[in-house]
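Okay, so here's the structure we're looking at.
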Number of protein chains: 2
Amino acid sequence: MVQRGPNPGSGENLLFLTDEQLRKGIEAMFFAYRGFTADPDRILDEYGYGRAHHRALHFINRSHGTTVNNLLTTLGVTKQSLNRVLRGLIEDGLVEARVGRTDRRERNLFLTDKGQELERKLAEAQRVRMRAAYRAAGPQAVAGFRQVLEAMMDDDIRQTYLSLKDGR
Amino acid sequence: MVQRGPNPGSGENLLFLTDEQLRKGIEAMFFAYRGFTADPDRILDEYGYGRAHHRALHFINRSHGTTVNNLLTTLGVTKQSLNRVLRGLIEDGLVEARVGRTDRRERNLFLTDKGQELERKLAEAQRVRMRAAYRAAGPQAVAGFRQVLEAMMDDDIRQTYLSLKDGR
DNA sequence: CTTGGAATGTCAACAAGGCTGACATAACAT
DNA sequence: ATGTTATGTCAGCCTTGTTGACATTCCAAG
């Protein structure tokens with residue numbers, strides 16, 4: 001019952017975890033995810049790409065030189081599905097696939113300048129919204145936001161997420 | 001340096017809102033949403049349904065007797081897309097579409113017993129995960145979670161969300 | 001050196017679930 | 001009587017996921 005937080009509504013009533021409260025959280029996730037993807041989606045549309053391209057660009061940018069297999073497991077799709085997306089990005093000169101140095105079977109993936117340009121554009125659009133949401137909610141809310149999201153992930157995915165967490 | 005919260009990292013440093021921090025939030029959303037949908041997806045698979053069916057069942061259950069048009073705007077899809085899903089659910093006897101009493105052009109949508117059964121199963125699977133995440137993160141985190149999600153929605157969607165917020 | 005297996009790429013086929021456009025019907029509203 | 005609204009439906013297209021099959025390349029173990 002003891003509640004020190006500055007946050008009205010954050011108190012002991014949430015400990016009940018009624019189905020009603022859980023349902024609100026579920027709907028919030030659904031609607032927020034729509035907002036989360038809306039801005040990049042508009043940009044992607046202009047370029048004739050989809051969300052799958054965005055995800056690929058994001059994680060290649062995130063981990064320069066990552067392999068196809070790494071990307072596969074991070075994204076949670078099949079190689080065929082990823083390959084189609086990747087092929088498009090390579091053909092359009094946004095992504096470069098270099099033969100691995102140590103293991104020449106592998107392909108190390110990099111963004112070209114053109115690829116970085118689009119990635120930055122997409123990321124910035126998404127960050128604008130996140131930034132606004134973070135500012136509106138405040139730092140304590142942001143900490144809670146991330147705690148809950150983290151707890152919501154599958155265990156193995158959480159490992160992937162954490163290993164990327166403070167990466168280069 | 002002052003840190004009162006139970007949470008190292010939840011303090012004033014988050015006010016900086018670096019691109020790095022925003023990126024972590026973005027990735028958390030991506031991975032968490034996968035977890036969020038994973039359990040219902042497995043159940044839906046057994047029934048030969050997809051996420052679209054889940055969403056329809058959820059919001060029909062949410063607002064008994066809602067019209068097709070209402071559902072359309074809530075879900076943010078076209079009537080053709082919704083109709084395909086709805087047709088399947090009606091054929092399989094999970095949803096009933098009754099001609100409107102006041103306006104006979106409208107169809108009021110209801111879950112049958114069978115529909116309610118599946119909806120409960122899906123909702124419970126999703127709630128189990130939410131409940132676990134909420135418990136792990138704590139009530140204050142949950143409040144923050146919802147604040148950020150709410151701030152992340154499109155303005156018009158937020159209206160829809162809020163109008164649904166405290167039930168009919 | 002040969003062979004097994006791993007990493008990757010590619011082809012084909014399919015399905016879900018979005019979309020647009022066009023058209024039909026019924027019912028309300030003026 | 002006419003126009004508008006709500007709904008349904010058909011057709012066609014796209015993205016993005018799936019499985020299965022098969023080829024290539026190349027490392028590594030024997």
Side-chain angles (χ1 to χ4, degrees), chain A residues 30 33-34 37-38 40-60 65-92 95-110, chain B residues 30 33-34 37-38 40-60 65-92 95-110:
Chain A
F30 171 62
Y33 200 78
R34 283 240 295 272
T37 55
D41 280 355
R42 272 186 285 273
I43 296 168
L44 289 159
D45 235 40
E46 297 168 20
Y47 285 75
Y49 294 131
R51 255 179 230 180
H53 299 87
H54 183 188
R55 294 195 280 260
L57 291 173
H58 175 94
F59 284 106
I60 294 171
T66 188
T67 65
V68 172
N69 239 344
N70 277 343
L71 202 49
L72 231 52
T73 43
T74 305
L75 295 176
V77 298
T78 60
K79 70 176 172 173
Q80 293 91 331
S81 205
L82 176 58
N83 193 256
R84 177 174 32 201
V85 166
L86 230 36
R87 206 187 313 155
L89 292 173
I90 290 169
E91 276 168 13
D92 297 349
V95 167
E96 196 191 338
R98 294 184 209 148
V99 171
R101 312 115 304 158
T102 61
D103 185 337
R104 301 188 46 198
R105 287 168 302 182
E106 294 181 344
R107 299 288 178 274
N108 295 114
L109 303 169
F110 299 89
Chain B
F30 172 62
Y33 200 79
R34 282 240 296 272
T37 55
D41 280 355
R42 271 188 285 273
I43 296 168
L44 289 159
D45 236 41
E46 298 168 19
Y47 285 75
Y49 293 131
R51 256 180 231 181
H53 299 87
H54 184 188
R55 293 195 282 261
L57 290 173
H58 174 95
F59 284 106
I60 293 171
T66 188
T67 65
V68 173
N69 242 341
N70 277 342
L71 202 50
L72 231 50
T73 42
T74 305
L75 296 176
V77 297
T78 60
K79 70 174 173 175
Q80 293 92 329
S81 208
L82 176 59
N83 192 257
R84 178 174 30 198
V85 166
L86 229 37
R87 207 187 312 156
L89 292 172
I90 291 169
E91 276 168 12
D92 296 350
V95 168
E96 196 192 337
R98 296 184 207 148
V99 170
R101 309 118 304 160
T102 62
D103 186 337
R104 301 190 44 198
R105 288 170 303 181
E106 296 181 342
R107 298 287 178 276
N108 295 115
L109 302 169
F110 300 88

Revision key, fill the gap. When rounded to whole Å, the CG to P distance for the pair B:Leu82 and D:dA6 reads 15 Å
Point to revise | Distance, rounded to the nearest Å, where A:Arg107 contributes CZ and C:dA7 contributes P | key: 13 Å
**Study point:** Nucleic acid contacts - residues 41-58 of chain A versus DNA chain C, non-hydrogen atoms under 4.0 Å
**Key:** none
Exercise for review: May I ask you to check whether B:Phe30 and A:Tyr33 place their ring centers less than 6.0 Å from one another?
Suggested key: no
Practice item. Could you state the atom-to-atom distance from CG of A:Leu71 to P of C:dA7 in whole Å? Key: 15 Å
Check your understanding: What string of B, S and - do you get for nucleotides 19-30 of chain C, 5' to 3', when a contact is any protein heavy atom under 4.0 Å?
Key -> BBBB----BS--
Exercise for review: Could you check how far CD1 of A:Ile90 sits from P of C:dG9, rounded to whole Å?
Suggested key: 7 Å
Review point. Is B:Arg98 salt-bridged to B:Glu96, cutoff N-O under 4.0 Å?
Key: yes
Point to revise | Rounded interatomic separation in angstrom, taking CG from A:Asn108 and C1' from C:dT8 | key: 13 Å
Point to revise | Any side-chain donor near an acceptor of the partner, B:Tyr47 and B:Asp92, under 3.5 Å | key: no
**Study point:** Student check: side-chain heavy atoms of B:Phe59 and B:Leu75 closer than 4.5 Å
**Key:** yes
Review point. Between the side chain of B:Ser81 and the main-chain N/O of B:Val77, is any donor-acceptor distance below 3.5 Å?
Key: no
Review point. Expressed in angstrom and rounded to an integer, what is the separation of A:Glu106 atom CD from C:dT8 atom P?
Key: 5 Å
Check your understanding: For B:Leu72 and C:dG17, what is the distance between atoms CG and C1' respectively, to the nearest whole Å?
Key -> 14 Å
Check your understanding: What's the CG-P distance between B:Leu86 and C:dG17, to the nearest Å?
Key -> 13 Å
Check your understanding: Quick one: are A:Leu109 and A:Thr67 in side-chain contact, heavy atoms under 4.5 Å?
Key -> no
Review point. Any side-chain N or O of B:Asn69 less than 4.0 Å from the OP1 or OP2 oxygen of D:dT5?
Key: no
Point to revise | All pairs passing salt bridge (Lys or Arg N to Asp or Glu O under 4.0 Å) where residues 47-60 of chain B contributes a residue, at least two apart | key: B:Asp41-B:Arg51
Review point. Does B:Thr78 reach the side chain of B:Leu72, with side-chain heavy atoms less than 4.5 Å apart?
Key: no
Check your understanding: Between the side chain of B:Arg107 and the main-chain N/O of B:Arg105, is any donor-acceptor distance below 3.5 Å?
Key -> yes
